[in-house]
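Below is one structure; the comments refer to it alone.
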Amino acid sequence: MADKQHLYLVDGSAYIFRAYHRLPPLTDPEGTPVGAVYGYTTMLWKLADDLDKADGPTHLAVVLDKSSHSFRNEIYDQYKANRPPPPEDLVPQFPLIRDATRAFSLPMIEEENVEADDMIASYARAAAAKGWDVTIVSSDKDLMQLVGPGGDGHGAIDMLDTMKNARIGVSEVEEKFGVGPDLVGDVLALMGDSVDNIPGIFGVGPKTATKLIQEHGSLTSALDAAPEMKKSKLKERLLEHRADAELSRILVTLKEDCPLPIAIDDMKLDGIAPGPLAAFLEKHGFTSLLRRLDAGNGSPDRANELNPAKADTHGADASPEGNRQPLPEFPAIDRSAYETVQTMERLEHWITQCEQAREIAVDTETSALDAMQADLVGVSLATGPNHACYIPLAHGGSDMFAEKPEQVGFDEALAALKPLLESDAVLKIGQNIKYDLNVLSRYGINVAPIDDTMIISFDLDAGRGQDGIGGGHGMDELSERHLGHTPLTFKEICGTGKKQIPFGEVPLDKATEYAAEDADVTWRLHQHLKPRLAIEGGSRVYERVDRPLVPVVAMMERNGIKVDRTRLARLSEEFATETARLEQQIHELAGEEFTVGSPKQLGDILFDKLGYKGGRKGKSGQFSTDQAVLEKLSGQGADIADKVLEWRQLTKLKSTYTDALQQAINPHTGRVHTSYSLVGAQTGRLSSTDPNLQNIPIRTPIGRQIREAFVPEDGNVLLAADYSQIELRLAAHMADVDTLKDAFAKGEDIHNRTAQEMYGAVDRDTRAQAKTINFAILYGISRWGLAGRLGVEPDEAQAMIDRYFQRFPGIQRYIAETLESVRERGYSETLFGRKTWFPRIDSKNQAERQGSERAAINAPIQGTSADIIKRAMVRMMPALEDAGLGHVQMLLQVHDELVFELPESDVASASPVIERVMADAALPAVDLSVPLGIEIGTGPSWDAAH
DNA sequence: AAGGTCACG
DNA sequence: GACGTACGTGACCTTG
């Protein structure tokens with residue numbers, strides 16, 4: 001049997017830079033930085049794991065850059081001229097990369113005066129010419145020129161991005177560049193590359209470059225066509241910079257005929273000697289890899305790779321991975337094992353299987369993204385690894401002439417599934433199962449009990465992505481991270497853009513692969529993640545707070561809130577008229593017409609043309625024109641600044657609220673249904689999208705008019721109940737500040753009390769300053785930040801901070817202890833045990849580190865507040881039902897506020913129930929040393945309820 | 001797609 | 001002397 005040879009060429013140098021930027025700054029036991037080396041080592045490990053796979057490597061070599069000089073410097077002296085030197089803690093890692101390569105017994109190629117890209121090109125072409133397949137391990141866009149399908153005696157060339165675990169073939173290249181690999185060089189020549197200092201055509205980016213090449217077929221044709229183009233910036237640029245593009249074309253061309261220092265046949269993989277590898281791993285403290293080596297190269301646990309830092313540098317106990325139990329071994333995902341359920345008989349069979357399995361993964365497929373409008377198209381179930389099915393329910397139908405595929409009757413199938421989905425004896429596992437709850441609820445099915453892998457992941461790993469390794473909780477990401485598997489994407493199945501088809505039109509075989517795989521992956525993730533909750537102390541917050549919250553939030557989303565469309569439309573018109581008037585005045589004051597909404601143009605008008613003073617800001621070198629700047633100008637008598645501020649306010653209100661909210665009204669319910677994310681904020685807060693109902697204006701009279709459009713149905717009122725100063729109360733409790741606790745106990749105005757303590761006198765000014773300082777404390781204070789807010793010198797701000805700490809002993813200690821604990825353990829914790837991870841708390845970059853510190857000071861306070869209102873939400877409906885008020889509807893949550901709709905006649909009986917549930921929400925888990933104050937208001941609109 | 005701006009707690 | 005000047009979000013607009 002003539003096995004196909006497969007050469008892997010590892011673009012080592014490029015990988016090192018990427019690993020350096022994406023991994024935390026680890027150091028080995030001797031203090032040498034090894035973050036990039038670790039990343040490189042795990043990458044080689046992963047490749048070694050692929051050895052036995054069908055398309056795994058038979059031959060492999062690592063290609064490194066040896067010197068920065070190449071033929072490109074001869075023809076263009078600016079080539080790579082403005083590339084900064086490598087970061088200083090990366091430099092010592094270069095030799096270690098070579099050590100690592102040797103430890104794996106792999107051939108290494110580095111040649112003077114030849115760039116790694118050219119060497120890779122030469123080897124790839126040579127091997128492909130022999131009929132070998134070639135995989136280039138890199139994500140470098142220049143190398144994408146080499147990708148090709150093979151054939152005619154030639155082998156195929158593709159690429160592998162190990163960080164994203166993605167293959168890059170011809171179609172991926174076409175997707176990225178909009179042209180085939182043979183034209184990638186032409187596109188690159190137009191785009192240029194600021195990192196390599198390849199000029200390209202100034203002002204032409206990826207989109208324009210692709211368009212030009214698609215339209216004209218090649219770089220030369222595009223340049224030749226320039227004189228005939230209609231007058232435009234683009235035309236001018238093409239004409240003016242033609243020479244740059246031609247030079248760039250040469251620079252981006254890979255040299256494919258370099259002499260080959262090692263024969264390709266000598267790159268044959270024949271096993272890794274464990275001795276040298278173990279010695280290398282040992283030396284650099286890569287203990288988790290060492291364990292795997294000892295375990296006989298067993299199934300790699302991808303979670304370990306995610307955060308090696310803690311396991312390897314903070315001792316075994318610092319990390320949950322340290323005491324991880326062995327994970328169940330599952331067979332690889334096999335999509336061909338899935339069943340398409342098309343008969344009642346098979347459906348009954350699967351339902352029985354599910355009842356016996358006791359834990360099943362469920363996923364619904366629908367016609368659209370919005371759970372409140374989407375129609376159910378099919379359901380997938382999984383009871384074990386590779387044991388999954390897809391039940392199409394409403395496939396086909398848009399094409400009247402096509403025959404609909406065989407499927408179980410819609411109503412009949414749902415009637416059969418309902419007892420299973422509602423059975424107390426069967427746990428339904430979902431990934432973001434709130435979505436499925438809402439869809440199925442519209443068909444009369446109340447899914448329970450439930451688990452949610454997305455939320456479990458959040459309760460375990462919130463914040464872990466802050467260092468850029470990827471800490472999201474979406475299914476694809478979790479699958480990559482924990483299972484090392486890339487699921488089919490929705491795009492792959494349904495296409496994208498204009499060509500996108502609804503899921504109901506996907507052929508059943510493809511639909512089954514996609515839908516059943518999602519259920520299979522979810523089931524596996526659950527096996528993987530759920531046990532970690534108990535081990536890592538996440539059970540309390542998951543079981544007591546977040547899991548029970550899912551059906552509650554789902555219900556709130558379905559409830560929605562009524563908005564008065566007519567009122568919004570009237571406001572939109574008023575805003576439009578006023579905006580137009582202002583725009584004209586602004587143009588007159590400016591002496592020319594310009595786009596007021598363009599910060600760039602506005603900056604040029606204000607500071608260049610009109611000569612107002614105001615500094616540059618930001619990397620872009622653009623003038624800042626934000627509110628603070630404009631208000632300063634207004635203070636100097638610049639009328640135009642006032643007008644712009646007013647214009648901005650009105651356009652904002654119109655586009656974001658009065659226009660958008662009308663669009664958001666659901667035609668079936670006549671109400672607006674937001675979607676809450678339970679994993680949106682690192683601290684544990686909810687977030688709200690589509691539309692965001694957590695940022696409806698309230699601070700200005702003009703904005704409040706929008707709140708007036710949020711109304712109850714006839715006969716009802718809205719009731720708003722909010723926690724008063726909850727974060728300051730929690731700070732007083734958590735930092736154990738007697739003065740503050742006393743003030744809250746007595747029901748005093750807390751900012752007045754702060755002013756009294758700080759200045760010995762209370763007036764408007766001192767109260768305002770005290771309020772600013774109180775917030776500064778919650779957010780993690782810096783003298784410069786406070787100085788900027790109060791308009792005083794940093795020295796004076798520092799004096800105020802010192803005085804605050806002196807008057808409120810406990811705060812300083814709380815901050816120090818919180819930071820110490822975060823540095824020690826890697827995460828902060830709320831009073832209810834919710835963790836937020838801070839992987840950058842030890843960053844060498846001061847800004848980054850200080851940012852993390854401020855966030856870490858705030859997270860326990862903001863997070864505890866989030867826990868408390870969530871607990872109140874969970875208890876709210878049962879408490880109301882007990883009081884005979886089950887018809888009261890809970891509609892919205894805005895961090896410290898809950899909004900209800902109820903008959904006016906029930907206000908008197910419902911208010912005390914709501915108040916009690918909210919005030920006692922921390923009990924019995926936490927007995928706060930401050931009371932939680934609740935303020936309740938009611939009225940014919942959300943505005944009036946405040 | 002990114003940056004700037006601004007709405008909320 | 002650097003970073004950039006308070007924590008947490010999401011939406012919209014302009015621009016390259």
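In the text below, chain A, chain B and the rest are named by the order of the sequence lines, each starting its count at 1. Since the structure is predicted, the reported quantities are computational estimates derived from the model, not experimental observations. Both backbone and side-chain heavy atoms feed into the values below; hydrogens, waters and symmetry mates do not.
Judged purely by atom type and a 3.5 angstrom limit, A:His587 has no side-chain atom pairing as donor or acceptor with the backbone of A:Glu592.
Regarding contacts with the backbone of B:dA7, a side-chain N or O of A:Gln627 is found under 4.0 angstrom from either OP1 or OP2. A close approach under 4.0 Å does not occur between any side-chain nitrogen or oxygen of A:Arg685 and OP1 or OP2 of B:dG9.
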Requested in this report: State the dot-bracket string of DNA chain C. Criteria: Watson-Crick or G-U wobble, both atom distances under 3.5 angstrom; notation: ( ) intrastrand, [ ] crossing earlier pairs, | interstrand, . unpaired.
Outcome: ......|||||||||.
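A gap of 27 Å separates the P atoms of C:dG4 and B:dC8, to the nearest Å. Atom name P, nucleotides B:dG4 and C:dT5: the rounded distance is 11 Å, in whole Å.
Among pairs with a residue in residues 769-784 of chain A, none fulfils salt bridge (charged side-chain N to carboxylate O under 4.0 Å, His left out), at least two apart in sequence or across chains.
Sorted by residue number, the list of members of residues 696-706 of chain A with any non-hydrogen atom under 4.0 Å from DNA chain C is empty.
Evaluation of A:Tyr779 against the base of C:dC7 yields a stacking contact (centre distance < 5.5 Å, interplanar angle < 30°).
For A:Glu646, there are no side-chain hydrogen bond (donor to acceptor under 3.5 Å, both in side chains) partners two or more places apart in sequence or in a different chain. Judged as a side chain to side chain contact (heavy atoms under 4.5 Å, CB included), and not counting sequence neighbours, the contacts of A:His895 are A:Arg685, A:Gln694, A:Gln893.
Judged by distance alone with a 3.5 Å cut-off, a donor-acceptor contact links the side chain of A:Gln846 to the base of C:dC3.
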Query - Per-nucleotide protein contact string for nucleotides 10-16 of chain C (B base, S sugar-phosphate only, - none; heavy atom under 4.0 Å) - result: BBSSSSS
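Taking atom CZ of A:Arg789 as the reference point, atom P of C:dG4 lies 17 Å away to the nearest angstrom. Spacing between atom CG of A:Asn774 and atom P of B:dG9 amounts to 17 Å, rounded to whole angstrom units. Put simply, CZ on A:Arg783 is 15 Å from C1' on C:dG4, counting in whole angstrom units.
Checked against the 6.0 Å centroid criterion, the rings of A:Tyr612 and A:Phe607 do not qualify as a close aromatic pair.
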